[in-house]
Amino acid sequence: MATLNSMTAFVRRQTQAEWGTLTCECRTVNHRYLDPSLRLPDALRPREMAYRERLGQYLARGRVELQFRLEGTDQARSQDPDPVALRQLRQAMVRVEQEIGDTAPVSPLEVLNWPGVLAGGELPEEAIVAAADELLDATLDEVAEQRRREGERLVPLLEERLDAIEAHVAELRRNMPEWREQQRQRLVERLAESGAEPGDERLAQEVAILAQKADVTEELDRLEAHVAEVRAALESAGPVGRRLDFLMQELNREANTLSSKSTAAELTRLAVEIKVLIEQMREQVQNVE
């Protein structure tokens, strides 16, 4: 069976150590290109470019929201303000007041929440980075597996609709001679009703002109060719979402032309059913990597 990757997944993984708890969340949805958005704690900001490159190694397309949350343990924190940090903060506040005038008063709780104010208890950044790198790989492994499983479920749905399109095309080919003869009979009847008595040569010319205008052989040939291309794309390795999306547009173009050339109610019905099948596939293909 062919394999596809979906662009939809959500994974949350967590690791704990003596310095605290680190959580990694990754959410992916469909997008024309790879569009990553990262939210990192201060300890991991230097790793942003490396993480973007890592995402590109796992994923080819999709909007990706990657977030790390870091919660330090009580043992890793101190409740004693750092005098040096307090003096630096006070100096900064004075300079701000000199530049912009009176400012709103700052509460002690706001001061304590300012980065670096609480003394000691610094989190071990090297250990956090190492844990985050490992956690990211585990998270992306699971994201890739989720996308693979979801894509795997799409394959039989697409193949079922391809089979149905091929069956409709075959039915159209079988019925074309009968529809041409019905068209010829209607032309003869209209000429008779008008009182005209065209010769065989005149009738043959009129029938030939109508047949040429209503001929859908090329459209049926191209529909079959596009279906074969879709099957080939489903069997190929690597991301095929853009290729499939393009083929859906081509299939829809031929189905529209087929419908516009319809000269029989049954032909119209089959053309509409083909368009419905193509639209169903197009909706599924939008989520293929």
Side-chain angles (χ1 to χ4, degrees), residues 2-77 113-118 121-155 157-158 233-234 236-246 282-289:
T3 58
L4 292 180
N5 288 328
S6 167
M7 285 189 282
T8 302
F10 175 73
V11 174
R12 179 190 290 115
R13 294 183 71 92
Q14 194 173 80
T15 187
Q16 292 183 330
E18 65 279 0
W19 40 260
T21 300
L22 184 64
T23 303
C24 179
E25 286 186 0
C26 186
R27 183 191 310 272
T28 69
V29 294
N30 63 312
H31 194 270
R32 189 172 182 181
Y33 305 104
L34 181 61
D35 181 24
S37 173
L38 280 65
R39 297 177 61 186
L40 306 174
D42 291 339
L44 298 179
R45 291 194 185 282
R47 298 289 293 159
E48 180 171 350
M49 290 306 300
Y51 290 167
R52 288 182 180 273
E53 293 177 3
R54 199 66 175 147
L55 287 172
Q57 294 172 1
Y58 276 86
L59 310 172
R61 294 177 64 203
R63 187 183 302 278
V64 183
E65 296 178 3
L66 177 68
Q67 178 179 8
F68 276 96
R69 290 196 301 273
L70 176 61
E71 299 175 0
T73 61
D74 292 339
Q75 290 79 9
R77 296 182 181 275
N113 285 329
W114 195 263
V117 167
L118 292 179
E122 293 294 332
L123 296 177
E125 291 193 4
E126 289 187 6
I128 293 171
V129 168
D133 290 353
E134 183 177 348
L135 186 60
L136 177 62
D137 282 342
T139 301
L140 292 180
D141 280 336
E142 189 172 344
V143 166
E145 177 61 19
Q146 280 191 15
R147 286 161 64 114
R148 185 198 64 78
R149 289 197 304 267
E150 179 67 22
E152 192 176 69
R153 287 192 285 268
L154 295 178
V155 174
L157 300 177
L158 294 173
L234 292 178
S236 62
V240 294
R242 293 186 193 175
R243 175 65 176 165
L244 290 174
D245 188 53
F246 169 76
R282 189 193 67 80
E283 292 178 358
Q284 300 289 351
V285 164
Q286 294 297 309
N287 201 39
V288 173
E289 184 178 41

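Computation of the quantities below employed the complete heavy-atom set of this structure, encompassing side-chain atoms and omitting hydrogens, waters and symmetry-equivalent molecules.
Of the residues listed (R13, Q14, R12), the one engaging T23 in a side-chain hydrogen bond (donor to acceptor under 3.5 Å, both in side chains) is Q14, and it is the only one.
For the residue pair I128 and A43, the shortest heavy atom distance occurs at CG2-CB, 4.3 Å. The minimum heavy-atom distance linking E289 with A60 is given by the pair OE2-N, 2.7 Å. Nearest heavy atoms, L135 versus L22: CD2-O, 3.6 Å.
Separating the CG atom in D42 from the CG atom in L70 is a distance of 9.5 Å, to the nearest 0.5 Å. C26 contributes atom SG, which lies 9.5 Å from atom CZ of F68 (distance to the nearest 0.5 angstrom). Going from atom CZ of R147 over to atom OG1 of T8 covers 8.0 Å, rounded to the nearest 0.5 Å. One finds the SG atom of C24 at 7.0 Å from the CG atom of L140 (value rounded to the nearest 0.5 Å). The CG atom of L4 sits 6.5 Å away from the CG atom of L244 when rounded to the nearest 0.5 Å. Of the inter-residue distances, the one linking Q67 atom CD with T139 atom OG1 reads 12.0 Å to the nearest 0.5 angstrom.
The closest donor-acceptor contact from the side chain of T28 to the backbone of V64 lies at 3.5 Å or more, if one exists at all. Judged by distance alone, with hydrogens and angles left aside, the side-chain atoms of Q146 form a donor-acceptor pair with the main-chain N or O of F10 at under 3.5 Å. Using modelled atom types, no side-chain atom of R61 and backbone atom of D35 make a donor-acceptor pair closer than 3.5 Å.
Ion pairing of R148 with E145 is present here, as a side-chain N (NZ or NE/NH1/NH2) and a carboxylate O approach within less than 4.0 Å. Salt bridge annotation for R54-D133: absent, with no cationic side-chain nitrogen under 4.0 angstrom from a carboxylate oxygen. Residues E48 and R45 are not paired through a salt bridge, judged by the lack of any N-O separation under 4.0 Å between the basic side chain and the carboxylate.
The environment of CZ in R69 is crowded: more than 12 heavy-atom neighbours from other residues, nucleotides or ligands sit within 6.0 Å. Crowding of R149 atom CZ: a count of heavy atoms from other residues, nucleotides or ligands under 6.0 Å exceeding 12. Enclosure of atom CD in E134 is not indicated, since only 12 or fewer non-hydrogen atoms of other residues, nucleotides or ligands lie within 6.0 angstrom. Heavy-atom neighbours of R27 CZ from other residues, nucleotides or ligands within 6.0 Å: at or below the threshold of 12.
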Run E150 and R153 through salt bridge (charged side-chain N to carboxylate O under 4.0 Å, His left out) and show every step you take. CA-CA 5 Å; E150 179 67 22; R153 287 192 285 268; 2.7 Å; yes
